[in-house]
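To start, the structure itself, in structure tokens.
Note: hydrogens, waters and symmetry copies are ignored here, and every other heavy atom, side chains too, is used.
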Amino acid sequence: MAKPLLFGRMEIGRVYNIKASVVSNSWVHRGVLSYEDAVIVSGKPYWPGGFVVALALTPGSRGRQLDERELAALEVEQGAGVRPMKKGELPALVGAQEYAELFGMTQFAVSQASRTGSGQVAEADYELSGSKVWLLDTVLAHAPTTMEMSRKKIWVLRDEVAAALREGHYEGPGSFFSQRGNKAKPAPEGA
């Protein structure tokens with residue numbers, strides 16, 4: 001399968017020449033985008049490439065204009081070969097939180113191993129909105145190396161987590177988008 005084009009908030013901002021904050025503060029608020037259309041990886045939303053490209057308005061009209069050069073550059077950077085329209089068309093994705101769950105480790109341990117460049121953690125398939133994202137297949141292919149390089153052999157692949165991620169019913173850490181700011185505050189009592 002060809003690698004899909006993916007967008008986080010920063011990538012959307014890049015191809016539409018807007019600030020990344022406009023994506024969540026305006027586009028989501030006005031219904032241009034929905035978190036329902038995104039896959040949630042380590043608590044962050046990522047939208048399928050074809051879906052985001054289709055948001056562009058007709059060239060010359062006012063509003064959302066796609067920067068074709070930035071889009072082409074992004075596709076090259078990601079090595080993307082397809083533009084999926086729906087999140088269901090995306091392969092299983094893993095962020096640092098899911099990576100940690102796969103091996104029974106902490107997110108900090110995954111981040112630390114990734115930063116050292118020791119090879120214990122697979123090379124990320126994507127750098128999206130400042131976060132590393134892997135295809136599940138990449139992580140699983142690298143699992144023997146991860147476990148072999150583990151001090152005291154404490155990194156052990158958890159097959160049940162891998163199966164849940166592959167089948168799309170993973171509900172562990174990182175599987176949901178947590179609201180921030182005012183939306184995260186509980187309603188006052190008596191309201």
Side-chain angles (χ1 to χ4, degrees), residues 1-99 114 122-139 165-171 173-187:
M1 175 183 181
K3 190 174 172 189
L5 179 64
L6 290 175
F7 285 87
R9 287 181 275 236
M10 290 174 75
E11 292 75 26
I12 293 171
R14 177 177 165 186
V15 299
Y16 283 101
N17 296 310
I18 58 172
K19 291 183 180 177
S21 61
V22 170
V23 174
S24 49
N25 295 341
S26 181
W27 285 27
V28 171
H29 180 70
R30 290 191 335 234
V32 174
L33 279 176
S34 167
Y35 294 125
E36 294 297 317
D37 297 314
V39 62
I40 306 302
V41 179
S42 286
K44 295 180 182 177
Y46 300 107
W47 289 270
F51 174 80
V52 172
V53 170
L55 296 172
L57 298 175
T58 309
S61 61
R62 291 185 53 158
R64 298 182 303 275
Q65 296 296 306
L66 188 64
D67 185 328
E68 294 287 347
R69 281 189 287 187
E70 285 295 331
L71 174 61
L74 186 63
E75 285 180 310
V76 169
E77 288 169 22
Q78 290 186 12
V82 295
R83 294 180 183 175
M85 293 300 292
K86 298 179 189 249
K87 68 181 180 181
E89 298 171 15
L90 296 173
L93 299 168
V94 175
Q97 289 182 25
E98 294 86 1
Y99 212 124
S114 180
E123 278 293 317
D125 292 292
Y126 298 92
E127 180 85 23
L128 296 170
S129 296
S131 296
K132 292 182 180 195
V133 177
W134 295 263
L135 298 169
L136 176 61
D137 288 340
T138 300
V139 175
L165 283 162
R166 183 166 309 287
E167 295 163 10
H169 60 73
Y170 171 77
E171 294 182 0
S175 64
F176 62 93
F177 178 70
S178 56
Q179 295 288 337
R180 293 177 177 88
N182 291 335
K183 291 183 181 180
K185 294 178 185 173

From CA spacing to verdict: side chain to side chain contact (heavy atoms under 4.5 Å, CB included), S131, K44
CA-CA 9 Å; S131 296; K44 295 180 182 177; 2.4 Å; yes
Where [X] and [Y] come nearest, the two heavy atoms and their spacing:
X: Q97; Y: Y170; value: O-OH, 4.5 Å
X: K132; Y: S114; value: NZ-OG, 3.0 Å
X: V52; Y: I12; value: CG1-CG1, 3.8 Å
X: P59; Y: Q65; value: CA-OE1, 3.3 Å
X: S61; Y: L57; value: OG-CB, 3.4 Å
X: Y35; Y: S24; value: OH-CB, 3.6 Å

Are side-chain heavy atoms of P4 and P91 found at a separation under 4.5 Å?
yes
Could you check whether any side-chain heavy atom of L165 comes within less than 4.5 Å of a side-chain heavy atom of V139, counting everything from C-beta outward?
no
Separation of [Y] [atom2] from [X] [atom1] (nearest 0.5 Å):
X: D137; Y: L93; atom1: CG; atom2: CG; answer: 10.0 Å
X: L6; Y: L128; atom1: CG; atom2: CG; answer: 5.5 Å
X: Y46; Y: E11; atom1: OH; atom2: CD; answer: 8.0 Å
X: F7; Y: L71; atom1: CZ; atom2: CG; answer: 5.5 Å
X: E77; Y: E70; atom1: CD; atom2: CD; answer: 8.0 Å
X: L90; Y: L5; atom1: CG; atom2: CG; answer: 10.0 Å

Listed by chain and number, what are the ring-ring contact (aromatic ring centres under 6.0 Å, His included) partners of Y16, not counting sequence neighbours?
W27
Any cation-pi pair here, K3 with Y126, using under 6.0 Å and within 45°?
yes
Look at atom CD of E167 and say whether more than 12 heavy atoms of other residues, nucleotides or ligands are closer to it than 6.0 Å.
yes
Please check this pair: side chain of [X] against backbone of [Y], looking for a donor-acceptor N/O pair closer than 3.5 Å.
X: E89; Y: M85; value: yes
X: K87; Y: E36; value: yes
X: W47; Y: S34; value: yes

If you measure from the Lys or Arg side-chain nitrogens to the Asp or Glu carboxylate oxygens, is any gap between D67 and R14 under 4.0 Å?
no
